[in-house]
Amino acid sequence: MDEKIKYELEFPLNSSPQLLFQYISTPSGLSEWFADNVNSRGEFFTFIWDDSEEKARLSSKKSGEKVKFRWIDEDNKDTDYYFELRILEDEITKDVSLMVTDYAVEADIDEARLLWENQISDLKHVIGSV
């Protein structure tokens, strides 16, 4: 399997950190923009897109600030890969942005970035930040 590399993207959003946190940390919030459907059982989340399903474990969560999901394999073991959604707020301007940390195979980085841009565009529509 090809080695994946870590990358980060930052998206300015017109939203309060508290509202944004609901959309990045709850199954109902995530299913409005990130995946077609999201189910959770305790710390385990299942993300469903069309006909594919991926499982992840909520490995860390800091209210109003960030969530980190670690992908798990078929044996329910943690993989080395995760995605993190971190809310940044400028102390002076109060501008809010969402920092995305994710992994992709080098050849797929551009496609992965585009996918995040599309998903964040959906998120902006959902929270009225267009």
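Predicted, not measured: the structure shown is a model, and the values here were computed from it.
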### Query
Excluding sequence neighbours, so at least two apart, what forms side-chain hydrogen bond (donor to acceptor under 3.5 Å, both in side chains) with Asn39?
none
### Task
Using the test side-chain hydrogen bond (donor to acceptor under 3.5 Å, both in side chains), find all partners of Ser52 that sit at least two apart in sequence or belong to another chain.
none
### Task
Not counting sequence neighbours, list each pair that qualifies as a ring-ring contact (aromatic ring centres under 6.0 Å, His included) and has a residue in residues 9-31.
none
### Message
Using the side chain to side chain contact (heavy atoms under 4.5 Å, CB included) definition, which of the options Tyr82, Phe83, Tyr81 pairs with Arg70?
### Response
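Filter result, single survivor: Tyr82.
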### Task
List the steps and the verdict of side chain to side chain contact (heavy atoms under 4.5 Å, CB included) for Ile109 and Ile5.
CA-CA 9 Å; Ile109 287 269; Ile5 53 175; 3.8 Å; yes
### Message
Could you work out, with ring-ring contact (aromatic ring centres under 6.0 Å, His included) as the rule, every residue matching Trp49, not counting sequence neighbours?
### Response
Phe34
Below 3.5 Å, can you tabulate the donor-acceptor pairs from side chains in residues 95-108 to any protein atom, sequence neighbours excluded?
from, atom 1, to, atom 2, distance (Å)
Asp95, OD2, Thr93, OG1, 3.3
Ser97, OG, Glu10, OE2, 2.8
Thr101, OG1, Glu8, OE2, 3.1
Asp102, OD2, Tyr7, OH, 3.4
Asp102, OD2, Trp116, NE1, 2.8

Is the shortest heavy-atom distance from the side chain of [X] to the side chain of [Y] under 4.5 Å?
X: Leu20; Y: Leu13; result: yes
X: Trp33; Y: Ile24; result: yes
X: Glu65; Y: Arg86; result: no

### Query
In chain order, what residues pass the side-chain contact (heavy atoms from CB on, under 4.5 Å) check against Ile92, with sequence neighbours excluded?
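Scan of Ile92 (side-chain contact (heavy atoms from CB on, under 4.5 Å), adjacent residues dropped) gives Asp90.
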### Message
Asp75: which residues meet the side-chain contact (heavy atoms from CB on, under 4.5 Å) condition with it, sequence neighbours left out?
### Response
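For Asp75 the side-chain contact (heavy atoms from CB on, under 4.5 Å) partners, ignoring immediate neighbours, are Asp73, Lys77.
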### Message
Under the side-chain hydrogen bond (donor to acceptor under 3.5 Å, both in side chains) definition, can you give me all pairs with a residue in residues 54-63, not counting sequence neighbours?
### Response
Glu53-Lys55, Arg57-Asp78
What are the two closest non-hydrogen atoms of [X] and [Y], and how far apart are they?
X: Leu9; Y: Arg113; value: CD2-NH1, 3.0 Å
X: Phe45; Y: Ser25; value: CZ-O, 4.0 Å
X: Lys124; Y: Pro12; value: CE-O, 3.4 Å

### Task
List in chain and number order the residues that pass salt bridge (Lys or Arg N to Asp or Glu O under 4.0 Å) with Lys66, two or more places apart in sequence or in another chain; answer none if no residue qualifies.
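Lys66: salt bridge (Lys or Arg N to Asp or Glu O under 4.0 Å) contacts with Glu84.
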### Query
Are Ile120 and Val126 co-members of a hydrophobic cluster defined by side-chain heavy atoms under 4.5 Å apart?
yes
### Message
In this structure, would Leu88 and Leu19 fall into the same cluster of hydrophobic residues linked by side-chain contacts under 4.5 Å?
### Response
no
### Query
NZ of Lys94 to OG of Ser16: how many Å apart, nearest 0.5 Å?
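Output value for this atom pair is 12.0 Å.
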### Query
To the nearest 0.5 Å, how far apart are CG in Asp80 and NZ in Lys6?
12.0 Å
### Message
Please determine whether side chain to side chain contact (heavy atoms under 4.5 Å, CB included) holds for the pair Leu115 and Gln119, giving the CA-CA distance in whole Å, both sets of side-chain angles, and the decisive distance to 0.1 Å.
### Response
CA-CA 6 Å; Leu115 189 61; Gln119 287 173 303; 3.9 Å; yes
### Task
Decide yes or no on side chain to side chain contact (heavy atoms under 4.5 Å, CB included) for Leu58 and Phe44, but give the supporting numbers first.
CA-CA 6 Å; Leu58 181 62; Phe44 292 96; over 6 Å; no
### Query
Does anything in residues 31-41 pair up under salt bridge (Lys or Arg N to Asp or Glu O under 4.0 Å), and if so which pairs, sequence neighbours excluded?
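Counting only pairs at least two positions apart or across chains, no salt bridge (Lys or Arg N to Asp or Glu O under 4.0 Å) contact touches residues 31-41.
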### Under 3.5 Å: donor-acceptor pair, side chain of Ser31, backbone of Pro27
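Checking the backbone N and O of Pro27 against the side chain of Ser31, a donor-acceptor pair under 3.5 Å is found.
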